[in-house]
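Only one structure is covered here, and it is reproduced in the block below.
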Amino acid sequence: MKQSYFTVLSNCPLTDNVYKMILSGDTSAITAPGQFVNIQLDGLFLRRPISVCDYDDTTLTIIYKVVGKGTAQMAAMTAGAKLDVLTGLGNGYDLSLSGDHPVLLGGGVGVPPMYNLAKKLIAEGKKVSVILGFNTKSEVFYEEEFKKLGCAVTVTTVDGSYGIKGFVTTALEGTDYSYFYTCGPEPMLKAVYKASKTSGQMSFEERMGCGFGACMGCSCKTLTGYKRICKEGPVMKKEEILWDCV
């Protein structure tokens, strides 16, 4: 974990309530796709945890949904604004288990961490399929960005207004894959758990007090004992999850 100040380079809407922010700063503590950052905002006691969409040596890209005071404050920020950010938080995805043709499933704001993961898997020569799930057409984002990486992309919408009608599991049924990675709301993760034909890794969304394991507020019982979503997670392997405890 590292605390440092980042400068907003750009902050623009992707949909009515989803924004993409690019920040300039020290990203050296970020070591794996699936990790998150914790952002301090004026007048708010708790930092806001946001997943990492992409990063390089000097820039960090995050995508967030406006759902409350904190994210509304972020949406109003313009280029040049400064943010106090904790980076390098959480346990990311393990790429070594992917096999030759993994599938990545992202639902809503669970889509962003799939982007850097896809980029790294493709750099390793893997054939990557991506399934993006949304409620309706107006909520769809990052489809073209995944295609530009070289991924085979399928979009699902619950109301059928775009792509395949249904959920990410609807598209998963007809997909050939060696392993899966996923991030999204708990009902989606449960559905993927039941529908998946292979092992995989799931990233959990959770309210966090500190974001780095000190407060124990996001502890969860697993097959191998209690784990903190913010520290030992947010990524967990399919085989260790106890659904009545998450």
Side-chain angles (χ1 to χ4, degrees), residues 1-55 59-93 106-117 139 141-142 183-186 188-189 202-220 227-235 246:
M1 180 184 71
K2 187 169 186 175
Q3 181 178 10
S4 55
Y5 283 90
F6 281 70
T7 302
V8 176
L9 297 179
S10 63
N11 188 29
C12 58
L14 298 178
T15 71
D16 288 344
N17 59 2
V18 174
Y19 285 72
K20 174 182 178 180
M21 180 183 285
I22 301 178
L23 300 158
S24 173
D26 183 358
T27 62
S28 60
I30 304 173
T31 59
Q35 289 183 303
F36 65 96
V37 300
N38 229 3
I39 300 174
Q40 182 66 60
L41 296 165
D42 292 342
L44 300 175
F45 179 69
L46 295 178
R47 290 174 178 264
R48 268 35 183 188
I50 307 289
S51 61
V52 173
C53 175
D54 198 17
Y55 67 97
T59 64
L60 165 68
T61 300
I62 58 174
I63 293 176
Y64 60 96
K65 184 176 182 179
V66 177
V67 294
K69 291 181 179 179
T71 45
Q73 187 181 136
M74 289 174 62
M77 291 179 176
T78 57
K82 303 289 185 181
L83 283 172
D84 179 339
V85 183
L86 297 179
T87 57
L89 299 174
N91 177 49
Y93 293 105
V109 288
V111 168
M114 298 292 100
Y115 183 77
N116 185 256
L117 174 60
E139 297 179 359
F141 66 89
Y142 254 53
C183 182
E186 185 179 318
M188 183 194 115
L189 299 185
M202 301 182 161
S203 180
F204 286 85
E205 300 172 351
E206 181 60 73
R207 290 185 178 274
M208 300 174 185
C210 66
F212 48 84
C215 72
M216 307 296 290
C218 60
S219 295
C220 172
K227 291 188 175 183
R228 297 159 292 184
I229 298 295
C230 70
K231 184 71 173 179
E232 288 80 29
V235 176
V246 297

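Any value given below was found using the heavy atoms of this structure, including those in side chains, with hydrogens, waters and symmetry copies removed.
- Pairs engaging residues 70-84 under the side chain to side chain donor-acceptor pair (under 3.5 Å) rule: Gln3-Asp84, Thr7-Lys82, Arg47-Asp84 [sequence neighbours left out].
- Within the structure, salt bridge (Lys or Arg N to Asp or Glu O under 4.0 Å) contacts touching residues 14-39 (residues at least two apart or in different chains) are Lys2-Asp26.
- Of all the heavy atoms in Cys53 and Tyr142, the pair that sits closest is SG-CE2, 3.8 Å.
- With sequence neighbours excluded, the residues that form a side chain to side chain donor-acceptor pair (under 3.5 Å) with Tyr55 are Lys120.
- By the side chain to side chain donor-acceptor pair (under 3.5 Å) test, Asn11 is found to be paired with Tyr64, residues two or more places apart in sequence or in another chain being considered.
- Here the OG1 atom belonging to Thr61 is positioned 8.5 Å from the OH atom belonging to Tyr115, to the nearest 0.5 angstrom.
- Across all their heavy atoms, Phe36 and Ser51 have their closest contact at CB-CA, 3.9 Å.
- One finds the OG1 atom of Thr59 at 9.5 Å from the CZ atom of Phe6 (value rounded to the nearest 0.5 Å).
- Between Pro113 and Cys183, the closest heavy-atom pair is CG-SG, 3.8 Å.
- In plain terms, the two heavy atoms of Leu44 and Gly70 that are nearest each other are CD1-CA, 3.5 Å.
- With sequence neighbours excluded, no residue forms a side chain to side chain donor-acceptor pair (under 3.5 Å) with Ser24.
- Taken to the nearest 0.5 Å, the CE atom of Met114 stands 3.0 Å off from the OH atom of Tyr93.
- Annotation: the span from Ile62 atom CD1 to Leu83 atom CG amounts to 7.5 Å, rounded to 0.5 Å.
- Within the 3.5 Å criterion, the main-chain N or O of Val18 finds a donor-acceptor partner in the side chain of Thr15.
- Phe141 places a side-chain heavy atom less than 4.5 Å from the side chain of Pro112.
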When you look at Val111 and Ile63, which way does the side chain to side chain contact (heavy atoms under 4.5 Å, CB included) test go after all the steps?
CA-CA 9 Å; Val111 168; Ile63 293 176; over 6 Å; no
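- A distance of 7.5 Å separates CE of Met77 from CD1 of Ile39, quoted to the nearest 0.5 Å.
- Applying the salt bridge (Lys or Arg N to Asp or Glu O under 4.0 Å) definition to pairs two or more places apart or across chains, none involves residues 60-74.
- A distance of 9.0 Å separates CG in Asn38 from CG in Leu46, rounded to the nearest 0.5 Å.
- Contact annotation: the side chain of Val52 approaches that of Val37 to within less than 4.5 Å [non-hydrogen atoms, C-beta and beyond].
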